[in-house]
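Keep in mind that this is a model prediction, so the values were computed, not measured. Basis for what follows: all heavy atoms, side chains included, without hydrogens, waters or symmetry-related copies. Sequence lines set the chain letters: A, B, ... in the order given, protein chains first and strands last, and positions in each chain run from 1.
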Amino acid sequence: MNKSTSWFNITSLVFGFAFLYVPILILVVYSFNASKLVTVWGGFSTQWYVELVHDQAIIDAAWVTIRVGIISASFATVLGTMAALVLDRYRKFHGRALFSGMVYAPLVMPEVITGLSLLLLFVAIGFDRGFWAVVIAHTTLTMCFVAVVVQSRLVTLDRSLEEAALDLGCPPVKTFFLITLPLILPGVVAGWMLAFTLSLDDLVIASFNTGPGATTLPIKIYSMVRLGVTPEINAISTILISVIAVGVIAASVLSHRSQVEKEKAERAVFLAG
Amino acid sequence: MIEAVGPIKRKFAPWDDPTLKPFIRFENVTKRFGDFTAVDNLTLDIYEREFFALLGPSGCGKTTLMRMLAGFEQPTEGRILLDGKDLSGIPPYKRPVNMMFQSYALFPHMTVEGNIAFGLKQEGMDTSNISTRVAEMLELVKLEKFAKRKPHQLSGGQRQRVALARSLAKRPKVLLLDEPLGALDKKLREETQFELMDIQMELGMTFLIVTHDQEEAMTVSDRIAVMNHGVIAQIGTASEIYEQPASRYVADFVGDINLIDGTVTAVDDGNVTLHCAGVDATIVAEAGPGEVTVGAEAGFAIRPEKVQISLEAPPVGTPNVLSGEVWDIGYLGDISVYRVRLAGGSIVKATVANLTRIVERPITWEDKVYLTWPADAGVILLK
Amino acid sequence: MAERWTQDVKPFLAKWALVAVPYLWSLLFFLAPFLIIFKISLSQTAIAMPPYVPVIGGLGDFLAKLSDFTFDNYVFLTEDPLYYSAYLSSLRIALVSTILLLIVGYPIAYGMARAPKSLRNALVMAVILPFWTSFLIRVYAWIGILKPEGLITIALQSLGILGPDEQIHVYNTEIAVFIGIVYSYLPFMVLPLYAALEKLDATLLEAAADLGCPPTKSFWVITFPLSLPGVIAGCFLCFIPIVGEFVIPDLLGGSETLMIGKTLWAEFFNNRDWPVSSAVAVVLLIILVVPIVIFQNQQKKA
Ligand SMILES: Nc1ncnc2c1ncn2[C@@H]1O[C@H](COP(=O)(O)OP(=O)(O)OP(=O)(O)O)[C@@H](O)[C@H]1O
Ligand SMILES: [Mg+2]
């Protein structure tokens, strides 16, 4: 590549990432602002974090959100992994087209439609809106993301590994737990994390399906934002961002390290002949 | 490095013994994928303790045949019997058959030991017996030092040995090997071929091997089946296949062959006279399989090493003489190949062993030469 | 008997359960809701008036009540210009922002794909990371920046471009919505583009150069056409959800921005008119069916 294009590449990367990160950075910085006016810098302070700790409503909402996230992500991981297996393994069965449609459509379906339609279902079958309604709604949405992530892992899995296990006398269900699952585990874990953060993130679907006592953090934040920008929101946001960033970076570093170790070992064998 | 190669193989020909029952039997087996027929009404018997090779071009259905025996594919028609029992409906994990996969299919998250022990654990063997058996297997494939390694920490040849040990560990009645040596270099491959033969003798198992490599098939196996488009073109020992090919296809697929076309002018007690208008000669030779009648289109097939080449004209009246000029000479080290252009323009190959180290050879380019052969060296094959 | 159980019945059941469980879940919680939304959109407004229809007698009773079909709600949608202008404006905003996303995202994806191999994974990570952090928070972050007394105004004032009393009026306009959408959906555009560009063999460009094609031209005749699958995937991945977007127009667009997601939300939460909001959703779904089907075929091919 010649110089001019590589300058072009560097510039576009710098501007692109600045665009992605500067707003978040500003948000974080202003969470430490002593002034109540969000845009005027009044010195460094952690008072908004202190206030947050004493705000019972926010703590309750955070707690609900985490429980919804963990439960729905776990359900979604089981269902999504099953869906991925079906799509990968059963090439032909009655209703496969409908099934794959139902797996891919929620990826792009506007949230207002998903949220409203699920609410109407719950009303129709007499299921109370609230905690479990949100859990079911989030499971339904996020299982599709899990399915896509796990499926991309399954595609790269060498099918002869499973055949080898069958050949050596291992029944199919046991083969899944001894061979398939350990090998697709990184995809399954990534799927769970994705499902968890999507659940943590969701405002629209949760708003339709929530009920008394099941206010999630995004619903709470949204109602605060409607009343105006406050440093307290910046503080919650900063905490959320840090938790997720640490989690995601830790996960990727771990998987990267195991990859590097594997490559190192392979190289050592190669050099040893 | 020369190593002792186990006990010498005695004559072994259960297929000639009418009182013996075949161990594996494919009975009119057909396999279709959609409207494509991969295996077409195929019948094949394999005997106990036999080392049987499937040879054929890519896509002829070798792997499919093997996967049906292992239970990964169900025959569309026909049935497969093992030791007299119909295998249909028995899932792969219940069949006393093990397979060594072409890609080895070693479980990447288990150690060498774990891989070899896997099948034994499924059997419910107790731990102390498992470790004895695993140690035995590691010794057999000379990998004792690598027991604790993961597959990705092994070289290609070592992986292939682990795969072999794993498929042997359960002492299956039948071992299936799908191009087991495909990934190895020539030298390692030849070594391993002999090791495979030793192991098969030692454990007394039935081996079914798929290979692309005819030399490999001839080296290791008791019998070979040559396949073409889902059917078997010929079954026989290596020398039967090579010396008495049943069809032009087999003659052409296995080894090098000269084919000279002509018309049958006389048939006399198994000897056929063939008039070859193209090269302006008359050839007399044994008839191959199939009914040869006067007037039929046929070909004379002869291996290059059976053709003698000389500068002097043979005595007048000698049958089976062709003449032409040397068109090309290929020096291959142990032998030289002479490509001789006959009168009609067709080429016949003759090989000569290079017995001496002389640099100058008596026959050279554009020499006029005569080609002769012993009466029984070639065979007449119908078109 | 036991033999038959382990041999035939158990594997069959396992196989069947593997398909049935996720299938039934999706049927019940994804497909059935659409049928219900469709049905309710055809029912009379009164039935579903708040507080949250007491559905005594369960499903049968509830559906029986709904059986007086009426197209009133759809007629209502056509009578009030609010609705069709909201649909049109949603489609327009989605189209413009998808194009903007492509223009902004392509150079980033291109730069990533041409970056040294050792850096690429880190760059992909850097694009994904904001996507993992809350959508709501990322939109919220822009309020403080775009407000009339916000950071952009302050920055421009301190640079002397704006006078001390002048302000930038972007907040609560469509421009703010475009900024918010481009910002939030950028990873969805960049990642498929990157995936397509990364696969592209660098020797193709060398071959083109070798045959006398200048770099800018080889971009248009080689790179861009070969990255088209990524372009298409990225565009659908952004366009479809943007049409129904609620949070961004609600927080950044103010009252002047008309989008159908907002309308639906207001119809449901403020007017509490379930049948009309259902009708709004059904029409939105019908509009999106074609792009969704195209997207799915694309997914299946990939
Ligand atoms: N699952 C399948 N679906 C459709 N066609 C198949 C399937 N498996 C095999 N075939 C076809 O059946 C034919 C035989 O395949 P098979 O794998 O048995 O060939 P092979 O003799 O082992 O070839 P090779 O030497 O290349 O391994 C091929 O033409 C292949 O395309
Ligand atoms: Mg094969």
Side-chain angles (χ1 to χ4, degrees), chain A residues 1-2 5 9-10 12-13 16-17 19-21 23-24 26-27 30 38-39 79 82-83 85-86 90 93 99-106 108 110-113 116-118 120-121 123-126 136 140 172-173 197 200-201 203-204 218 221-222 225 229 233 237 240-241 244-245 248 252, chain C residues 11 14 18-19 21-23 25-26 29-34 36-37 40 52-53 55 58-59 62 107-108 111 114 125-126 129-130 132-137 140-145 149-151 154 186 215 237 240-241 243-244 246-247 251 261 264-265 268 277 281 284-285 292 295-296 299:
Chain A
M1 285 292 109
N2 60 37
T5 53
N9 290 347
I10 291 170
S12 55
L13 282 181
F17 285 108
F19 178 59
L20 279 176
Y21 281 94
I24 295 177
I26 292 173
L27 183 86
Y30 275 88
V38 197
T39 46
L79 287 167
M82 290 171 92
L85 279 169
V86 170
Y90 302 151
F93 63 91
F99 185 63
S100 78
M102 290 192 301
V103 170
Y104 293 128
V108 289
E111 290 170 320
V112 284
I113 298 183
L116 176 63
S117 64
L118 262 167
L120 296 176
L121 173 83
V123 172
I125 61 176
I136 291 175
T140 309
V173 176
T197 48
L200 217 61
D201 201 23
L203 165 69
V204 176
I221 295 175
Y222 176 71
V225 171
V229 177
I233 304 176
S237 307
L240 268 181
I241 290 169
I244 289 170
V248 172
S252 81
Chain C
L18 180 63
V19 180
V21 172
Y23 209 121
W25 183 282
S26 293
F29 294 116
F30 186 73
L31 197 64
F34 285 122
I36 293 175
I37 212 175
I40 290 189
Y52 310 132
V53 199
V55 194
L59 184 63
F62 177 77
I108 300 177
R114 292 281 164 275
M125 200 54 227
L129 197 57
W132 289 85
T133 63
S134 171
F135 193 77
L136 182 60
I137 291 173
Y140 165 76
W142 280 97
I143 299 179
I145 299 171
E149 67 280 15
L151 288 168
I154 293 174
L186 197 55
L237 217 48
I240 302 169
V243 175
F246 163 73
V247 176
L251 292 183
L264 192 155
W265 181 281
F268 183 84
S277 43
L284 177 56
L285 202 59
I292 286 176
F295 168 75
Q296 292 200 337
Q299 268 307 95

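Nearest approach of C/Pro33 to A/Ser117, heavy atoms of both residues: CB-O, 3.3 Å. Taking both residues in full, the closest heavy atoms of A/Ala124 and C/Ile36 are given as CB-CD1, 3.9 Å, listed atom of the first, atom of the second, then distance.
To the nearest 0.5 Å, atom CG of residue A/Leu120 and atom CD1 of residue C/Ile40 are 4.0 Å apart. Between atom CE of residue A/Met102 and atom CZ of residue C/Phe29 there is a gap of 12.5 Å, rounded to the nearest 0.5 Å. Between atom CG of residue C/Leu129 and atom CD1 of residue A/Ile244 there is a gap of 9.0 Å, rounded to the nearest 0.5 Å. Here the CZ-CD1 distance, from C/Phe34 to A/Ile113, works out to 6.5 Å after rounding to the nearest 0.5 Å.
For chain C, the nearby parts of A/Leu121 are the backbone and the side chain; heavy atoms of each come within less than 4.5 Å. Both the backbone and the side chain of A/Val108 come within less than 4.5 Å of a heavy atom in chain C. For A/Val204, the parts lying near chain C are the backbone and the side chain together; criterion is any non-hydrogen pair under 4.5 Å. Within the 4.5 angstrom heavy-atom criterion, only side-chain atoms of C/Phe246, from C-beta onward, approach chain A. Only the side chain of A/Phe17 comes within less than 4.5 Å of a heavy atom of chain C; its backbone N, CA, C and O stay farther away. When heavy atoms are compared at a cutoff of 4.5 Å, A/Leu118 approaches chain C by way of both its backbone and its side chain. Within the 4.5 angstrom heavy-atom criterion, only side-chain atoms of C/Leu186, from C-beta onward, approach chain A. Heavy atoms closer than 4.5 Å to chain C are found in the side chain of A/Leu13, but not in its backbone.
Between chain C and the residues A/Pro106, A/Ala105, A/Ala245, A/Pro218, the most heavy-atom pairs under 4.5 angstrom are made by A/Pro106. Of the listed residues (A/Ile26, A/Leu79, A/Leu27), the greatest number of heavy-atom pairs within a distance under 4.5 Å of chain C belongs to A/Leu79. Between chain A and the residues C/Leu285, C/Leu264, C/Leu31, C/Ile240, the most heavy-atom pairs under 4.5 angstrom are made by C/Ile240. Across C/Ala141, C/Ala32, C/Pro22, C/Ser26, the residue that shares the most heavy-atom pairs under 4.5 angstrom with chain A is C/Pro22. In terms of non-hydrogen atom pairs under 4.5 Å with chain A, the most contact-rich of C/Val247, C/Ile143, C/Val21 is C/Val21. Here C/Pro241 is the residue among C/Pro241, C/Ala281, C/Gly261 with the most heavy-atom pairs under 4.5 Å with chain A.
C/Phe268 is not listed as a side-chain neighbour of A/Val112, based on a closest heavy-atom distance of 4.5 Å or more. With a 4.5 Å cut-off on side-chain heavy atoms, A/Tyr104 and C/Ile292 do not count as touching. The shortest distance between side-chain heavy atoms of A/Tyr90 and C/Val19 falls below 4.5 Å. Side-chain contact between A/Val86 and C/Tyr23: absent, with no pair of heavy atoms (C-beta onward) separated by less than 4.5 Å. Side-chain contact between C/Ile108 and A/Phe19 is absent, with no heavy-atom pair separated by less than 4.5 Å. The shortest distance between side-chain heavy atoms of A/Ile24 and C/Pro130 falls below 4.5 Å. Put simply, the side chain of A/Ile136 reaches to within 4.5 Å of the side chain of C/Trp25, judged on heavy atoms. At least one side-chain heavy atom of A/Leu116 sits under 4.5 Å from a side-chain heavy atom of C/Ser277.
By the side chain to side chain donor-acceptor pair (under 3.5 Å) test, C/Ser134 pairs with A/Asp201, sequence neighbours left out. Taking the side chain to side chain donor-acceptor pair (under 3.5 Å) definition, one finds that A/Tyr222 meets it with A/Arg226, C/Asp250, sequence neighbours left out.
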Please assess A/Ile233 against C/Tyr140 for the test side chain to side chain contact (heavy atoms under 4.5 Å, CB included), listing each intermediate value before the final yes or no. CA-CA 9 Å; A/Ile233 304 176; C/Tyr140 165 76; 3.5 Å; yes
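Of the possible polar contacts, one joining the A/Ser12 side chain to the C/Pro107 backbone as a donor-acceptor pair under 3.5 Å is found.
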